[in-house]
Amino acid sequence: TLAEAQILVSELPSLGGHRLVVVNGHLVGSLSSSGSTGSLIIEGLNETNEEVGRVLGVLASAADDAFVALNTSHLSGGVVVRAPKNSATAEPVEIIHVQAAAEGATQSRVTLIAEAGSEMSIVERYVGTASGQTLSNGVTEVSVGPSATLNHVKILEDQGETHHVGTLAVRVERDGSFNGHLFSLGGTLGRTDLKVSLAETGASCSLDGLYVAGDGEHYDHYVVIDHQ
């Protein structure tokens with residue numbers, strides 16, 4: 001429930017920046033905090049936005065992945081974080097995905113855009129309050145512009161019998177850099193498909209991961225780096 005999600009989120013330590021709370025795939029403004037965002041632009045997902053339109057459904061294609069197709073077919077909400085050209089922020093933006101549905105599947109969608117010469121840091125955390133068997137299906141698309149840097153951390157902390165399937169699709173342009181860190185720490189099943197496209201000369205990425213599996217838990221980190 002929303003009340004349970006509020007209690008769970010309140011117990012998580014703050015990172016000092018802006019906190020966005022997404023419950024069952026939908027951004028909940030009443031649970032989100034308005035910390036410092038610097039010059040970052042944070043908004044709801046709008047398919048008509050020109051910048052978003054070049055990323056949404058392009059980096060993570062529904063034609064290539066059944067779970068991306070499922071997520072896209074239920075696209076009714078989402079979060080966009082955009083760093084304007086030549087901007088930089090000191091504090092990370094934290095996006096907390098809360099799986100609060102008692103059963104069934106929830107779909108969450110995030111679009112991250114670092115424009116030319118910008119730098120930003122994002123922390124995505126997946127947590128849950130559900131006690132039954134549920135599916136959390138998250139898709140994050142990341143566009144790193146020329147000479148931009150994007151630092152991304154994904155922490156999987158789903159509890160109980162939650163199954164998580166996630167797609168992280170990244171495109172890095174000329175002299176841009178993507179630094180990714182993936183931690184799988186809880187949940188019956190956790191799979192993340194990480195696909196990085198180094199699309200132009202000088203594009204680079206650094207990827208790190210850690211999983212800690214308990215009894216009966218299974219984690220997969222599937223990584224593809226495409227040097228174009």
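Numbers for residues simply follow the sequence, beginning at 1.
Of all non-hydrogen atoms in Ala114 and Ala148, the two that sit nearest each other are O-CB, 3.8 Å. Nearest approach of Val123 to Pro92, heavy atoms of both residues: CG2-CB, 4.3 Å. When all heavy atoms of Glu115 and Pro84 are compared, the closest pair comes out as OE1-CA, 3.6 Å. Heavy-atom minimum distance, Glu173 versus Ser143: OE2-OG, 4.3 Å. For the residue pair Ala100 and Val23, the shortest heavy atom distance occurs at CB-CG1, 4.0 Å. For the pair Ser87 and Ser39, the tightest heavy-atom approach, listed with the atom from each and the gap, is CB-OG, 2.9 Å.
Side-chain atoms of Gln99 and Thr162 include no donor-acceptor pair closer than 3.5 Å.
Rounding to the nearest 0.5 Å places CD1 of Ile122 at 7.0 Å from NE2 of His152. Between the CG atom of Asn71 and the OG1 atom of Thr106 there is a distance of 9.5 Å, given to the nearest 0.5 Å. Atom-to-atom distance recorded for Thr111:OG1 and Glu43:CD is 9.5 Å, nearest 0.5 angstrom. The distance from atom CD of Glu200 to atom CZ of Arg171, rounded to the nearest 0.5 Å, is 8.5 Å. If you take OG on Ser32 and CG on Leu27, they are separated by 4.5 Å, rounding to the nearest 0.5 Å. From His97, atom NE2 reaches atom OG of Ser136 across 8.0 Å, with rounding to the nearest 0.5 Å.
The side chain to side chain contact (heavy atoms under 4.5 Å, CB included) check on Val58 picks up nothing, with sequence neighbours excluded. For Arg125, the salt bridge (charged side-chain N to carboxylate O under 4.0 Å, His left out) partners at least two apart in sequence or on another chain are Glu94, Glu157. Shown here are the salt bridge (charged side-chain N to carboxylate O under 4.0 Å, His left out) partners of Glu124, two or more places apart in sequence or in another chain: there are none.
Under a hydrophobic-cluster definition in which Ile, Leu, Val, Met, Phe, Trp and Tyr are linked whenever side-chain heavy atoms come within less than 4.5 Å, directly or via other members, Leu194 and Val224 are assigned to different clusters. If you chain together hydrophobic residues whose side chains sit under 4.5 Å apart, Val165 and Tyr126 never meet in one group. The cluster map of Ile, Leu, Val, Met, Phe, Trp and Tyr, joined by side-chain heavy atoms under 4.5 Å apart, puts Leu70 and Leu168 in different clusters. Using a 4.5 Å cut-off between side-chain heavy atoms of Ile, Leu, Val, Met, Phe, Trp and Tyr, with links allowed through other members, Phe67 and Val22 fall into different hydrophobic clusters. Leu189 and Leu135 are assigned to two separate hydrophobic clusters, defined by single-linkage of ILVMFWY side chains at heavy-atom distances under 4.5 Å.
Using a 4.5 Å cut-off between side-chain heavy atoms of Ile, Leu, Val, Met, Phe, Trp and Tyr, Val139 falls into a hydrophobic cluster with Val68.
Side-chain contact between Leu210 and Asp208 is absent, with no heavy-atom pair separated by less than 4.5 Å. Looking only at side-chain heavy atoms (C-beta outward), Met120 and Leu112 come within less than 4.5 Å of each other. The shortest side-chain heavy-atom distance between His18 and Ile42 falls under the 4.5 Å cut-off.
Identified under the side-chain hydrogen bond (donor to acceptor under 3.5 Å, both in side chains) test for residues 58-69, with sequence neighbours left out: none.
Ion pairing between a basic and an acidic side chain is recognised when a charged N comes within 4.0 Å of a carboxylate O; Arg109 and Glu141 show such pairing.
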Under 3.5 Å, which donor-acceptor pairs link side chains of residues 175-182 to any protein atom two or more places apart or in another chain?
| residue | atom | partner | partner atom | Å |
| --- | --- | --- | --- | --- |
| Asn179 | ND2 | Asn151 | OD1 | 2.8 |

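Tested against Leu150 for a side-chain contact (heavy atoms from CB on, under 4.5 Å), the candidates Val170, Val144, Val172 yield a single pass: Val144.
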**Chi angles and distances behind the side-chain hydrogen bond (donor to acceptor under 3.5 Å, both in side chains) call for Ser184, His221** = CA-CA 9 Å; Ser184 295; His221 298 169; 2.8 Å; yes
**Residue pair Val81, Leu20: steps toward the side chain to side chain contact (heavy atoms under 4.5 Å, CB included) verdict** = CA-CA 10 Å; Val81 182; Leu20 304 173; 4.3 Å; yes
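Under the 3.5 Å distance criterion, the side-chain polar atoms of Tyr222 are left unmatched by any main-chain donor or acceptor of Lys195.
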